[in-house]
Peer 1: 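This is the structure, below, for whatever I ask next.
These numbers come from the heavy atoms of this one structure, side chains and all, not from hydrogens, waters or symmetry mates. For clarity, every value in this text was computed on a predicted model and none was experimentally measured.
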Amino acid sequence: MRTPEALIARSNRLGSDKKNTNFAGGNTSAKGVERDPVTGEDVELLWVKGSGGDLGTLTEAGLSMLRLDRMRALVNAYPGLDREDEMVAAFDYCLHGKGGAAPSIDTAMHGLVDAAHVDHLHPDSGIAIATAADGEALTARIFGDRVVWVPWRRPGFQLGLDIAAIKAAHPQAIGCILGGHGITAWGETSDECEENSLWIIDTAADYIAEHGVSQPFGAVVTGFEALPDVERRARAAALAPTIRSIASHDKPMVGHFTDTPEVLDFLSREKLSRLAALGTSCPDHFLRTKVKPMVLDLPATASLEDQLARLSDLHAEYRADYQAYYNAHADEASPAIRGADPLIVLVPGVGMFSYGANKQTARVAGEFYVNAINVMRGAEAISTYAPISDAEKFRIEYWALEQAKLERMPKPKSHQGRIALVTGAASGIGKAIATRLAAEGACVVVADLDLEKARAVAAELGSTDIAIGVAANVADADAVQFAIDEAVLAFGGLDLVVNNAGLSLSKSLLETTEADWDLQHDVMAKGSFLVSKTAARVLVNQRLGGDIIYISSKNSVFAGTNNIAYSATKADQAHQVRLLAVELGEHGVRVNGINPDGVVRGSGIFASGWGANRAATYGVAEEDLGQFYANRTILKREVVPENVADAVYVLTGPELSRTTGLHVPVDSGVAAAFLR
């Protein structure tokens, strides 16, 4: 097996187990010899995980490949600690061939340590030792002379030199504990390196388990215990829009909710306030969670109104505190403040809300804070949790190298950060809309009467960071509330609602029964009303504006035959657009409609019998119905679901930000349905 292939296998094994390291945290390396295709001579190379990659999913494309002789020669060019950041750019002059991924700040640690294989990881158990007040003494007590303590130093070239010196001075050592940070281990073979990493991680965990106190977070505080499951989820959904508003004061954020046992236990304990105020320590943690969370200091038994009011007060305090933190440590070279809102909000008895620019970032932020909870638990079990100082945290958070990394990120898509719910989205127009919105960066809730089909469509769109499927009988108020609660808990809130669910019965006036009439109006007129009303509560509480789109029909203004119930309910939907545009405008919510015609291809309505009835009405074969509709239009072009999805994209995008109360025809031109 080639050296990089063995490295990938080891990295994937280590990274796939969260006890070893967090998502995208840590890095691994291997040194080996390959033939230079230019000179034909053997050359020593270093393969190391590149910047921003994840060990669990690492591929060879995610490795940086450097000439080891040139990398080690950088020691002679090192200008000193005050200018060590310049060394990251110098790594580019050491790349071999196409080089692979961009070298990370930790490259020096791997290249300078005299071992064929090196692992740098962020295990909870190791960081617990690294953040303990007496971490150095604990390291000696737990590991003897096999693991050496390294005082806190910001990652960089100097840390690589320090660890290389420690390795040389302690030939019996297999690794080290990096104060406030994590662990590094090494070995002469890939298997030996992995074994050494796991031995450090497991030995630390075993020591904490054997010697730690039974209640490291203190006693449970009365009233702060976890609420029962159903009540807890309902309270979380009720709080989520306001908390998202808090997290999105400076820029819109997507959310993630976590109510796992370790989170709920931490939130119920007497040390919650003290430990939360100390913040996280490992750089990978606080870069994604901010230096500390916002904590609601009311019991779970407090009323919703009291909790919402207190959250507002705490937000003002949090912003002032973060601004003071920035002012205390920033200088003229520091990047501008990146926002003063919390990324982690803790609500005792309910759970943790985490935020990011997209769902994956929000979810990972929550995972990192769970890591931080585990670290605090371990440190408090055997010592006292003592993270690095705020000054050192600021040096990481507002590091020029981190700023440069942020500036290299791709430009967000038009709908990134927006959360959309589309009803009737398991087929036809609804599926096309959900697909288009997901492609434009939105998080999408695929809502449909058929739960399995909704989940199948969501799975087609991507992972649960992109889309989820929920059951939604839009004619039932409780079912609608449940669907929107699911959306809010999955993604933190709601920005964009598409009322698309529908059905149609093609009958004349005399053939239309009262049941037919009620069914049509229950699903489309009443259903749209219920969805809009329930969603509007979220949109108003978020204070982020939003969009409501009605998929109406050209039949809302066109008088066709044998269509009384369907056309009447479409006219109802069309006027709801106007009414809601007026009512919700003061909250920044835009309400618009789309009037399609003759969308046969992929349509659930047409496939359920409507197509056969309309074909019989017009005297054409059902398979020719789409072309029949096209032939009677001005443009003579068939309308397909994707055309309607395009209109939703435009209406909800940035280009028409001043448009509300509009109906857009998507019918290839039906003169009798022109709006006037």
Side-chain angles (χ1 to χ4, degrees), residues 18-19 21-22 25 121-143 147 149-154 177-183 200-201 203-221 224 261-295 297 321 325 342-344 346 348 352 365-394 396-397:
K18 289 185 178 180
K19 79 164 187 174
T21 200
N22 42 253
L121 303 170
H122 299 150
D124 294 344
S125 62
I127 305 175
I129 308 302
T131 57
D134 53 347
E136 183 172 6
L138 282 170
T139 298
R141 185 182 312 146
I142 297 169
F143 305 106
V147 178
W149 173 263
V150 179
W152 161 260
R153 186 184 292 282
R154 189 175 69 168
I177 298 290
L178 311 183
H181 186 166
I183 74 166
I200 295 172
I201 293 167
T203 300
D206 291 345
Y207 183 89
I208 293 169
E210 182 179 352
H211 298 278
V213 298
S214 61
Q215 293 188 325
F217 292 146
V220 171
V221 179
F224 284 67
E262 64 265 45
V263 170
L264 293 171
D265 177 72
F266 177 60
L267 301 184
S268 72
R269 299 288 177 165
E270 62 182 347
K271 292 185 181 180
L272 167 64
S273 295
R274 177 178 70 80
L275 292 173
L278 291 174
T280 52
S281 185
C282 177
D284 266 30
H285 293 182
F286 61 77
L287 280 172
R288 292 164 175 83
T289 66
K290 266 197 166 71
V291 288
K292 64 181 179 180
M294 189 176 101
V295 183
D297 53 1
D321 184 60
Y325 156 79
L343 295 179
I344 303 291
L346 304 177
M352 171 176 63
E367 291 175 1
F368 274 86
Y369 200 77
V370 171
N371 289 134
I373 291 172
N374 294 336
V375 166
M376 289 186 279
R377 180 185 296 109
E380 288 287 312
I382 56 174
S383 180
T384 301
Y385 176 63
I388 61 174
S389 69
D390 281 357
E392 287 299 316
K393 290 175 187 176
F394 185 88
I396 296 283
E397 186 178 3

Peer 1: K290: what forms a salt bridge (Lys or Arg N to Asp or Glu O under 4.0 Å) with it, not counting sequence neighbours?
Peer 2: none
Peer 1: Strictly distance-based, threshold 3.5 Å: is any side-chain N or O of T131 a donor or acceptor partner for the main-chain N or O of P387?
Peer 2: no
Peer 1: Please report the closest heavy-atom contact between P293 and L346, naming both atoms and the distance.
Peer 2: CG-CD1, 3.9 Å
Peer 1: Got a second to check how far T203's OG1 is from I129's CD1, nearest 0.5 Å?
Peer 2: 10.5 Å
Peer 1: If you round to the nearest 0.5 Å, how far is NE2 of H181 from CD1 of I396?
Peer 2: 8.0 Å
Peer 1: Any idea which heavy atoms bring I201 and K19 closest together, and the distance?
Peer 2: CG2-O, 3.8 Å
Peer 1: Could you tell me which non-hydrogen atom of G126 sits nearest to which non-hydrogen atom of I183, and how far apart they are?
Peer 2: CA-CG2, 4.0 Å
Peer 1: What I want to find out is whether K18 reaches E367 closely enough, with some N-O distance under 4.0 Å, to be called a salt bridge.
Peer 2: yes
Peer 1: Any chance you could measure K271, atom NZ, to R377, atom CZ, to the nearest 0.5 Å?
Peer 2: 12.0 Å
Peer 1: To the closest 0.5 Å, what do you measure between NE2 (H211) and OG (S383)?
Peer 2: 13.5 Å
Peer 1: Could I get the full list of ring-ring contact (aromatic ring centres under 6.0 Å, His included) partners for F266, not counting sequence neighbours?
Peer 2: F217
Peer 1: CG/L287 to OG1/T280 distance, rounded to the nearest 0.5 angstrom?
Peer 2: 8.5 Å
Peer 1: For R274, which residues count as a salt bridge (Lys or Arg N to Asp or Glu O under 4.0 Å) partner, sequence neighbours excluded?
Peer 2: E380
Peer 1: Considering all heavy atoms of both residues, which atom of P348 and which atom of L267 are nearest to each other, and what is their separation?
Peer 2: CB-O, 3.6 Å
Peer 1: Quick one: pull up CD1 in I142 and CD1 in I177 and give me the separation to the nearest 0.5 Å.
Peer 2: 7.5 Å
